[in-house]
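Computed from heavy atoms alone, side chains included, the values below leave out hydrogens, waters and symmetry copies.
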Amino acid sequence: MSTDFWAGYASGAVGIIVGNPLDIVKLRQQTTQHTSKTTITFQSYKSLLAGATAPLFGYGALNAILFVSYNRTEKALNRALGSEQSLAINWVAGAVGGLATWIVSAPTELVKCRAQMVHLVPTSSLSIATDIWRKEGIRGLYFGGLVTALRDSIGYGFYFWSYEFAIRNWTMPDGQKKRPSIKDDAPRVMLCGGLAGIVTWTSVFPLDVIKTRLQTQGPIQRHDMAPQRMQLARKGAQLIARNMFREGGMRPFFRGLTVCSIRAFVVNATQWTVYEGLMYKFGEGRFREGEAAEHA
């Protein structure tokens, strides 16, 4: 497979390990049904990685698909339109890349969210996925998939747009916008990657809250419904959004954004550094050896 596939895979897996504890805090704040402060506790060091198994493999594959789809789409659009370094193309290519990840992100997000909601009795991602498959089949694993696809498409559009905007316009002390080595440029990559993460999550956070509540809701209890059908009868995204607005106006749609922004900065600073570093190591990407020779 291509270098950007494995660089994307590795950076995604590292990002999950770094950001999982804060991701758990974000999810529990998003699913809180009241406006008072919530104390988040972890029972053991293992609980810091609750729900990480599914995304560790799934998000690695997702990130690989994302970067491959983005890079191929960007090149195709540049050739078709005869343009280079267009931020509009970066956004569209990022949106296409985000949409391409849906087949992996939808079930991965579902399993991760439900695993992170288990407070007292830790449950493995595999057992949760198996239980969903047994009760609801493939359709159950893609519950909330439409909201996930919308979130990923819009979010990753802004992800690549903001990263490219920041890294192209970050003027270095010597007056150059690029340095010949990823080692010299690592601080810029980390900062631009972190800022891109914050921009991304801010742009789609209300959708993420709706998705989280959609995927972690319990079965609807109705007297006229057989017990075996309760798991299948859940609120839709629109009803959840309306209930959230009644709950507290716009505040519930942004609950957990502060924690999410901190996590986004740390995770994406790490991911972009790992990705650009691996691409450089194999002589490809923004900081490839050929570029270094030009500046020597």
*Minimum-distance pair of heavy atoms, taken over all atoms of Leu141 and Leu110*: O-CD2, 3.5 Å
*Residues two or more places apart in sequence or in another chain: which of them pass ring pair (Phe, Tyr, Trp, His ring centres under 6.0 Å) with Tyr70?*
Phe160
*Side chain of Glu164, backbone of Leu87: donor and acceptor closer than 3.5 Å?*
no
*In chain order, what residues pass the side chain to side chain donor-acceptor pair (under 3.5 Å) check against Ser11, with sequence neighbours excluded?*
Asn63
*Hey, what do you get for CD1 (Ile167) to CZ (Arg188), rounding to the nearest 0.5 Å?*
4.5 Å
*Fit a plane to each ring of Trp161 and Phe165, take the angle between them on a 0 to 90° scale, and name the class: parallel (under 30°), tilted (30 to 60°) or perpendicular (over 60°).*
parallel
*Applying side-chain contact (heavy atoms from CB on, under 4.5 Å), name anything that partners Arg246, two or more places apart in sequence or on another chain.*
Arg242, Asn243
*Nearest heavy-atom pair of Asn90 and Arg168: which atoms, and what distance?*
OD1-NH2, 2.9 Å
_By side-chain contact (heavy atoms from CB on, under 4.5 Å) - contacts of Thr130 (at least two apart)_ = Leu126
*Residue pair Gly98 / Tyr156: nearest heavy atoms and the distance that separates them*: CA-CD1, 3.5 Å
*For residues Ile132 and Gly140, report the shortest heavy-atom separation together with the two atoms involved.*
CG2-C, 3.6 Å
*Charged N to carboxylate O under 4.0 angstrom, Arg213 versus Glu247?*
yes
*Mind checking ring pair (Phe, Tyr, Trp, His ring centres under 6.0 Å) for Tyr142 and listing every partner two or more places apart, or none if nothing turns up?*
Trp102
*asked:* Going by side-chain contact (heavy atoms from CB on, under 4.5 Å), name the residues that satisfy it together with Leu81, two or more places apart in sequence or in a different chain.
replied: Ser83, Ile89
_Results of side-chain contact (heavy atoms from CB on, under 4.5 Å) for Ile65 - residues two or more places apart only_ = Ser69, Ala100, Thr101, Val104
*asked:* Suppose the criterion is ring pair (Phe, Tyr, Trp, His ring centres under 6.0 Å): which pairs have a residue in residues 74-99, not counting sequence neighbours?
replied: Trp91-Phe158
*Does Thr148 have any side chain to side chain donor-acceptor pair (under 3.5 Å) partners at least two apart in sequence or in another chain, and if so, which?*
none
_Check this for me: does any side-chain nitrogen of one of Glu136 and Arg139 sit under 4.0 Å from a carboxylate oxygen of the other?_
no
*Indicate the atoms forming the closest heavy-atom contact of Asp4 with Arg72, along with that distance.*
OD2-NH1, 2.7 Å
*asked:* For a side chain to side chain contact (heavy atoms under 4.5 Å, CB included) check, start with the C-alpha distance between Glu276 and Asp185, then their side-chain angles and the critical distance, and finish with the verdict.
replied: CA-CA 10 Å; Glu276 296 279 27; Asp185 230 1; over 6 Å; no
*For Val92 and Leu77, run side chain to side chain contact (heavy atoms under 4.5 Å, CB included): C-alpha distance rounded to whole Å, both residues' side-chain angles, the deciding distance at 0.1 Å, then the answer.*
CA-CA 9 Å; Val92 173; Leu77 289 174; 3.9 Å; yes
_Asn268 side-chain N/O to Ala264 backbone N/O, donor-acceptor pair under 3.5 Å_ = yes
*Centroid-centroid distance, Trp201 to Tyr159, less than 6.0 Å*: no
_Phe205-Phe253 aromatic ring centre distance below 6.0 Å_ = no
_Applying side chain to side chain donor-acceptor pair (under 3.5 Å), can you list everything that pairs with Gln215, at least two apart in sequence or on another chain?_
Lys211
*Heavy-atom closest pair, residues Cys113 and Thr216*: CB-CG2, 3.7 Å
*Set of side chain to side chain donor-acceptor pair (under 3.5 Å) partners for Arg134, sequence neighbours left out*: Asp131
Got a list of side-chain donor-acceptor pairs under 3.5 Å for residues 191-198, not counting sequence neighbours?
none

*Between Glu109 and Arg151, does a salt bridge (Lys or Arg N to Asp or Glu O under 4.0 Å) hold up when you go through it step by step?*
CA-CA 12 Å; Glu109 281 285 312; Arg151 182 203 68 170; 3.4 Å; yes
